[in-house]
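Hydrogens, waters and symmetry mates play no part in the numbers below; they use all other heavy atoms, side chains included. Throughout, protein chains are lettered first and strands after them, A, B, ... in sequence-line order, and every chain is numbered starting at 1.
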Protein chains: 2
Amino acid sequence: MNKNCEKYENELYDLAELFKIFGDSTRIKMLFVLCESEVCVANLAEALDMTQSAISHQLKILKQSKLVKTRREGKSIIYSIADDHVRSIIKIGMEHIEE
Amino acid sequence: MNKNCEKYENELYDLAELFKIFGDSTRIKMLFVLCESEVCVANLAEALDMTQSAISHQLKILKQSKLVKTRREGKSIIYSIADDHVRSIIKIGMEHIEE
DNA sequence: TTAACATATGAGCATTTGTTCATATGTTTG
DNA sequence: CAAACATATGAACAAATGCTCATATGTTAA
């Protein structure tokens, strides 16, 4: 029997971890908004109609996963998509949905 | 503020649901194995070193999500990838990982 | 038809996850 | 410096999730 999933055990684990990040409504909405333009925490919260705290907790997860990056601008922290793979993943997922 | 995530509310919800399926070690391993060849339940269980029951429960989820399809062959049920989007999604995820 | 095999499924349980609430940290302005 | 603003974080709790165990359903061969 095929045992490649043992061989690729670690890669597949990481892959699952990656998709897990995208597998939550709140996070995918956040990423979707960020795909269009960089946004500060408060504006993200407003866009999704959620509390600043909830958004902040999720941003932490997105940042730890290196899907977003930050920079400070005055009192605000501006979040943006870390690399184009995020857009690719969302795009290809959307293509699957739309059928 | 950008409210496109309201506009695309439903699509983004479905997208999250899709990625949620990929966001589990067991399921991604199953899909990975199935990407290479169609397999019956018992062989999948063996390949992943898991119980038949656990695999069967997950296969149900994969089937409900239309990521896999089945056909009967004697006493066995043979599972296979339902469409090539599954391979694309795994592939693009892998590309992101390997960096 | 009955025994053996292959898969499916429901209930129960432990773990994980996402939100809220309260509060801490950090920055700018007066 | 103090007050106001923006974000981060820890604890607690409810909901969702994945596995196990027992058993049901369905198929084939004797």
Side-chain angles (χ1 to χ4, degrees), chain A residues 1 5 9 12-34 38-80 82, chain B residues 1 5 9 12-34 38-80 82:
Chain A
M1 196 49 231
C5 66
E9 178 90 34
L12 289 169
Y13 179 83
D14 291 344
L15 193 53
E17 290 301 301
L18 175 68
F19 286 129
K20 202 172 288 183
I21 308 293
F22 288 81
D24 172 78
S25 293
T26 300
R27 285 190 297 266
I28 201 100
K29 282 184 203 166
M30 293 168 71
L31 289 172
F32 184 76
V33 170
L34 289 169
E38 47 178 30
V39 185
C40 71
V41 180
N43 284 350
L44 249 185
E46 189 198 355
L48 303 211
D49 192 24
M50 292 187 63
T51 67
Q52 176 269 319
S53 179
I55 294 298
S56 199
H57 277 293
Q58 297 298 355
L59 281 171
K60 184 174 191 178
I61 293 174
L62 292 179
K63 182 141 193 219
Q64 282 173 340
S65 315
K66 302 200 164 115
L67 299 182
V68 302
K69 59 187 198 295
T70 62
R71 73 165 206 278
R72 178 174 281 281
E73 196 167 277
K75 281 179 276 193
S76 301
I77 308 282
I78 313 287
Y79 280 78
S80 55
Chain B
M1 195 51 231
C5 66
E9 179 89 35
L12 289 168
Y13 179 82
D14 291 343
L15 193 53
E17 290 301 301
L18 175 68
F19 286 129
K20 200 172 290 184
I21 307 293
F22 288 82
D24 173 78
S25 293
T26 300
R27 285 191 297 265
I28 200 100
K29 282 184 203 167
M30 294 168 69
L31 290 171
F32 184 75
V33 171
L34 289 170
E38 48 178 29
V39 185
C40 71
V41 180
N43 284 350
L44 250 185
E46 189 199 354
L48 302 210
D49 192 26
M50 292 187 65
T51 67
Q52 175 269 320
S53 179
I55 294 298
S56 199
H57 277 294
Q58 296 298 355
L59 281 171
K60 184 173 190 179
I61 293 174
L62 294 179
K63 181 139 193 221
Q64 282 173 340
S65 316
K66 302 200 162 109
L67 298 182
V68 303
K69 58 186 197 298
T70 62
R71 71 165 207 279
R72 179 174 280 281
E73 195 167 278
K75 282 179 278 193
S76 301
I77 308 283
I78 313 288
Y79 279 79
S80 55

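Annotation: the span from B/Ile61 atom CD1 to B/Thr26 atom OG1 amounts to 10.0 Å, rounded to 0.5 Å. Rounding to the nearest 0.5 Å places CG of A/Leu18 at 6.0 Å from CG of A/Leu67. Taking CD from B/Gln58 and CG from B/Asp24, the interatomic distance works out to 5.5 Å, rounded to the nearest 0.5 Å. Note that the CD1 atom of A/Ile77 and the CZ atom of A/Arg71 stand 10.5 Å from one another [nearest 0.5 Å]. Atom CD of A/Glu73 sits about 4.5 Å away from atom CD1 of A/Ile78, to the nearest 0.5 Å. Between atom CG of residue A/Leu31 and atom CG of residue A/Leu62 there is a gap of 5.0 Å, rounded to the nearest 0.5 Å.
Using a 4.5 Å heavy-atom threshold, the side chains of A/Leu12 and B/Ser25 count as separate. At a threshold of 4.5 Å between non-hydrogen side-chain atoms, the residues B/Ile55 and B/Leu59 count as touching.
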Summary of protein contacts for nucleotides 24-30 of chain C, nucleotide by nucleotide, where a base hit scores B, a sugar-phosphate-only hit scores S (4.0 Å, heavy atoms)
--SBS--
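Rounded to a whole Å, the CG atom of B/Asp24 is 10 Å from the P atom of C/dT17. The CD1-C1' distance, from A/Ile28 to C/dG18, rounds to 16 Å in whole Å. Here D/dT7 presents its P atom at 13 Å from CD of A/Glu38, a figure rounded to the nearest Å. To the nearest angstrom, P of D/dT17 lies 17 Å from CE of B/Met50. Rounded to a whole Å, the CG atom of B/Leu44 is 15 Å from the P atom of C/dA6. Atom C1' of nucleotide D/dT27 and atom CD1 of B/Ile77 are separated by 9 Å, given to the nearest angstrom. Between the CD1 atom of A/Ile78 and the P atom of D/dT7 there is a distance of 8 Å, given to the nearest Å. Rounding to whole angstrom units, CG of residue B/Asn43 and C1' of C/dA6 are separated by 11 Å.
Not a single donor-acceptor pair, N or O on each side, falls under 3.5 Å between the base of D/dC19 and the side chain of B/Thr51. Residue-to-nucleotide contacts include a donor-acceptor pair under 3.5 Å from the side chain of A/Gln52 to the base of D/dA8.
The stretch residues 56-65 of chain B comes close to DNA chain C through B/Ser56, B/His57, B/Lys60, each having a heavy atom under 4.0 Å from the strand. DNA chain D lies under 4.0 Å from at least one heavy atom of each of the following residues of residues 12-23 of chain B: B/Lys20.
Considering all non-hydrogen atoms of both residues, B/Cys40 and B/Ser76 come closest at CB-CB, 4.0 Å. Pairing each heavy atom of B/Tyr79 with each of B/Leu34, the nearest pair is O-CD2, 3.3 Å. Across all non-hydrogen atoms, the minimal contact from B/Ser80 to B/Glu38 is CB-CB, 3.8 Å.
In this structure, A/Ala54 reaches the bases: a heavy-atom distance under 4.0 Å links it to at least one base atom across the strands shown. Within 4.0 Å of B/Ser76, counting heavy atoms only, lie sugar-phosphate atoms of the nucleic acid but no base atom.
At least one side-chain nitrogen or oxygen of A/Thr26 sits closer than 4.0 Å to the OP1 or OP2 atom of C/dT19. Look at B/Arg27 and you won't find any side-chain N or O under 4.0 angstrom from OP1 or OP2 of D/dT17. Listed pair B/Tyr79 / C/dA8 meets the phosphate criterion, a side-chain N or O lying under 4.0 Å from OP1 or OP2.
With hydrogens and angles disregarded, no donor-acceptor distance shorter than 3.5 Å links the side chain of B/Arg27 to the backbone of A/Ala16.
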